[in-house]
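Everything on this sheet refers to the single structure shown next.
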2 protein chains.
Amino acid sequence: MPYFDAASTAPLHPVARQALLSALDDGWADPARLYREGRRARVLLDAAREAAAEAVGCRPDELSFTPSGTHAVHSAVAGALAGRRRTGRHLVTSAVEHSCVLHAAETHRAAGGTVTEVGVDRAGRVTAEAYRAALRPDTALACLQSANHEVGTTQPVEEVAADCARAGVPLLVDAAQSLGWGAVDGGWSLLASSAHKWGGPPGVGLLVVRKGVRFAPQGPSDERERGRAPGFENLPAIVAAAASLRAVRAEAAAERARLSALVDRIRERVPMLLDDVEVVGDPVRRLPHLVTFSCLYVDGEALLGELDRLGFAVSSGSSCTSSTLTPSHVLRAMGVLSEGNVRVSLPRGTTEGDVEEFLRVLPEVVTRVRGSLDVPAAPVREEPTLDEAGLVVDALGRRCPIPVIELAKVIGDVPVGATVTVLSDDEAARLDIPAWCGMRGQEYVGEREAARGVAYVVRRLS
Amino acid sequence: MPYFDAASTAPLHPVARQALLSALDDGWADPARLYREGRRARVLLDAAREAAAEAVGCRPDELSFTPSGTHAVHSAVAGALAGRRRTGRHLVTSAVEHSCVLHAAETHRAAGGTVTEVGVDRAGRVTAEAYRAALRPDTALACLQSANHEVGTTQPVEEVAADCARAGVPLLVDAAQSLGWGAVDGGWSLLASSAHKWGGPPGVGLLVVRKGVRFAPQGPSDERERGRAPGFENLPAIVAAAASLRAVRAEAAAERARLSALVDRIRERVPMLLDDVEVVGDPVRRLPHLVTFSCLYVDGEALLGELDRLGFAVSSGSSCTSSTLTPSHVLRAMGVLSEGNVRVSLPRGTTEGDVEEFLRVLPEVVTRVRGSLDVPAAPVREEPTLDEAGLVVDALGRRCPIPVIELAKVIGDVPVGATVTVLSDDEAARLDIPAWCGMRGQEYVGEREAARGVAYVVRRLS
């Protein structure tokens, strides 16, 4: 059954499984001990570090193993900010970083630091110019992902790293999504990654700090991993992580070509198979294996449930599939539709047949989900207290994608040139109503606070 | 070949290995996802939590899995201190906690907090009275291990927990060494433990926070593990950790009786087999599987090396086996001899034959190591500038166990009632010269700064 959520976690690579098993036998002892079992563990740890460093393109003594990619990012941000405390307390990130970067930024802000989030274009990409403009004399650290985890867009890391180097600001690259595909080029200062994204086991992250980068690890530490990752090393998993990184790199060129062609097929075919769909993310500057699209008038959770029933595991940045009821911060930063959002990320070995089957069932599934959403019409009334004359759709208390569906239902009743106002207290409406206008060629006038919820005003142009 | 260092890390339990393998197949997906693979992972995670909570004696929603026991302790200390910030910033620990507790205390002190270390008796045990006396109105948190990792002595946790409860102070119990043997009794508030100590895989710790305990997790967090352990769950290892905890508990009563008898045998026989040896730690209130002794005039690293050559893996708290050149803080706090220190901790399944073989080779090995240390005598001179008349042994620049050996060489030349002074810049001398006096029935007069190093003054009594 096709698993299409490799960007959440990749299935364990066979090489990782084999290495894990053999390291459970040979690498279970404490590598800090001097007896034979400890020395054997130390040899395995050193070899894993050499292999990982070679794949990253750094010196082994620049690389520490951490308990996860999230830990690596949290430690990197805290340590680099503390190391440059004298320079200032300004942190730069992109608006589309993984949540672990944004959580670290939030902690920094709560502790009195300042944060600039560099915006992205509709493809989810920062420009080097915008990033450069965010750097200040008091910037202690800049963070940029190598590639986005939700839409696959790659970032101009090499150019941004050069700008940061000129400004004397260290750049931390979150390479979680891309390290299995290749080393990160350019003069970055710190790098974090996560083994379970490249087919390694969970429980292993990488933290790389280039020589000469000011770095002051925060919190209690011990003698392990150069004082940058306290606690007993998870050695069998580390050995497996390094082995699988080598293995996926060996296969990377072939898989890149193969999966990229399959993703191209999805990118081309989905808009032909479905009405009212938007494929998001950069079509060229992207990860080989990842594509994301959003479907108007579709409840994301229902869509994922239907696909799951048919054996397809995908994920979604729609608000309706998360517990927080807010759409993904990535889609929000891009300003694209979030409703009915589907992320397809193909693991190694995905076949053409799997993708064809997905494309075969997708239209039926979307049609079925859209059909089930043909809900009774919301109250529509004239609203004299609002500035705009015209229709008001009361979608209060109704969740994505209902507000947009209600808007679509009444737009035909609005005279060309007149406005319709949608009242909604659903956070997704802020993103999806403007996106709908863009897709439908209508004018999005704006929003303002209403007595309850927010009033979104749309002018019919055609 | 006998591995006698279970207190560092226990060999993987066969049940853990089996559970790990099967969870690699069934529990590799993200338990936060709603598709089938994710739901299956969630079921495994919930079941592991139930099993671990049952073994701890807590509610499943009080227990979070962390990446290590060290992480659990660091998070517990930071979160509990922050949660009670309004009460004060005073932290109480015992002097013989695991270094990860002391590192957390050090971080707290560096951030402006205060720390009281409660001393121990010569067996390494705190008294409930001394612990109670350390509690203050501004005490935010108290920490006490269930059993000591270096000498095996169990602590009066139940009594201390009751005293803490009366004082309104939460008690954090580090149960890393004991949880495999049984639940920690008493009204503790927080508990930390580590799976690789009970035969689980590395990469898994437990953090338990009782309902109603004020707790504010520090640093960036995410939605995983109730916000107390950020990062992708190490699910296969978690499943294996819970399975092996159940398994070792099922075997605990039988192994406890068996290993305890083997340890008793070592405790009794070592002083009969060897001269000038001190078995340390409480002979009764102790872990079943652990015994520690120290040998006068023995270089600990040489001793471990010889034992390793014969196939015995043990560890040591001697300064001469560590990179820091200071004796273990535990032996220091107990005031016992640190030189020639050997910790024997038996893993499950250790046979009588293994122990007998160890006892057979130990005397030869110690004799050989003592023989190799018959070094040329240090300069001995009359020292008119010191207050005491008498011999001065210059052991400057010479490491443990040489200063004590030099002292032993000259004591026969000192008239009864007169003193001898040892000049030493080795940190271990501070512990080992008084310990030698205790073992030899001589009087330790005291120490004071010398022009170089420290002058240790000993009076010959017999």
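The figures that follow rest on heavy atoms only: side chains count, while hydrogens, waters and symmetry mates do not.
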Side chain, backbone, both or neither: which part of [X] has a heavy atom under 4.5 Å from chain A?
| X | value |
| --- | --- |
| B:S194 | neither |
| B:V77 | neither |
| B:R17 | side chain |
| B:A104 | both |
| B:R224 | neither |

Taking side chain as everything from C-beta outward and backbone as N, CA, C, O, which of these in [X] sits under 4.5 Å from a heavy atom of chain B? Side chain, backbone, both or neither.
| X | result |
| --- | --- |
| A:A313 | both |
| A:E106 | neither |
| A:V204 | neither |
| A:S99 | neither |
| A:L20 | side chain |
| A:T66 | neither |

For [X], does the [atom1] atom have more than 12 heavy-atom neighbours from other residues, nucleotides or ligands under 6.0 Å away?
| X | atom1 | result |
| --- | --- | --- |
| A:R109 | CZ | yes |
| A:Q18 | CD | no |
| B:R39 | CZ | yes |

Separation between [atom1] of [X] and [atom2] of [Y], rounded to the nearest 0.5 Å:
| X | Y | atom1 | atom2 | result |
| --- | --- | --- | --- | --- |
| B:Q218 | A:T107 | CD | OG1 | 9.0 Å |
| A:H71 | B:F232 | NE2 | CZ | 13.5 Å |
| B:R33 | A:S316 | CZ | OG | 8.5 Å |

When you measure from the side chain of B:H103 to the backbone N and O of A:P220, does any donor-acceptor pair fall under 3.5 Å?
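Between the backbone of A:P220 and the side chain of B:H103 there is no qualifying donor-acceptor contact (under 3.5 Å).
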Judged by atom type as modelled, is there a donor-acceptor pair below 3.5 Å linking the side chain of B:D308 to the main-chain atoms of A:R36?
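Judged by distance alone, yes, a pair lies under 3.5 Å.
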Let's test your reading of the structure: which of B:T70, B:N234, B:L307 forms the most heavy-atom pairs below 4.5 Å with chain A?
B:N234
Only pairs of heavy atoms separated by less than 4.5 Å count here; which of B:A29, B:S68, B:P67 has the most with chain A?
B:P67
Of B:F312, B:F4, B:Y3, which meets ring-ring contact (aromatic ring centres under 6.0 Å, His included) against A:Y35?
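Running ring-ring contact (aromatic ring centres under 6.0 Å, His included) over B:F312, B:F4, B:Y3 with A:Y35 returns exactly one hit, B:Y3.
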Side-chain contact, heavy-atom cut-off 4.5 Å: [X] with [Y]?
| X | Y | answer |
| --- | --- | --- |
| A:L12 | B:D25 | no |
| B:L21 | A:L21 | yes |
| B:P202 | A:P236 | yes |

Hey, which of A:D30, A:D5, A:L235, A:D222 has the most heavy atom pairs under 4.5 Å with chain B?
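Most heavy-atom pairs under 4.5 Å with chain B: A:D5.
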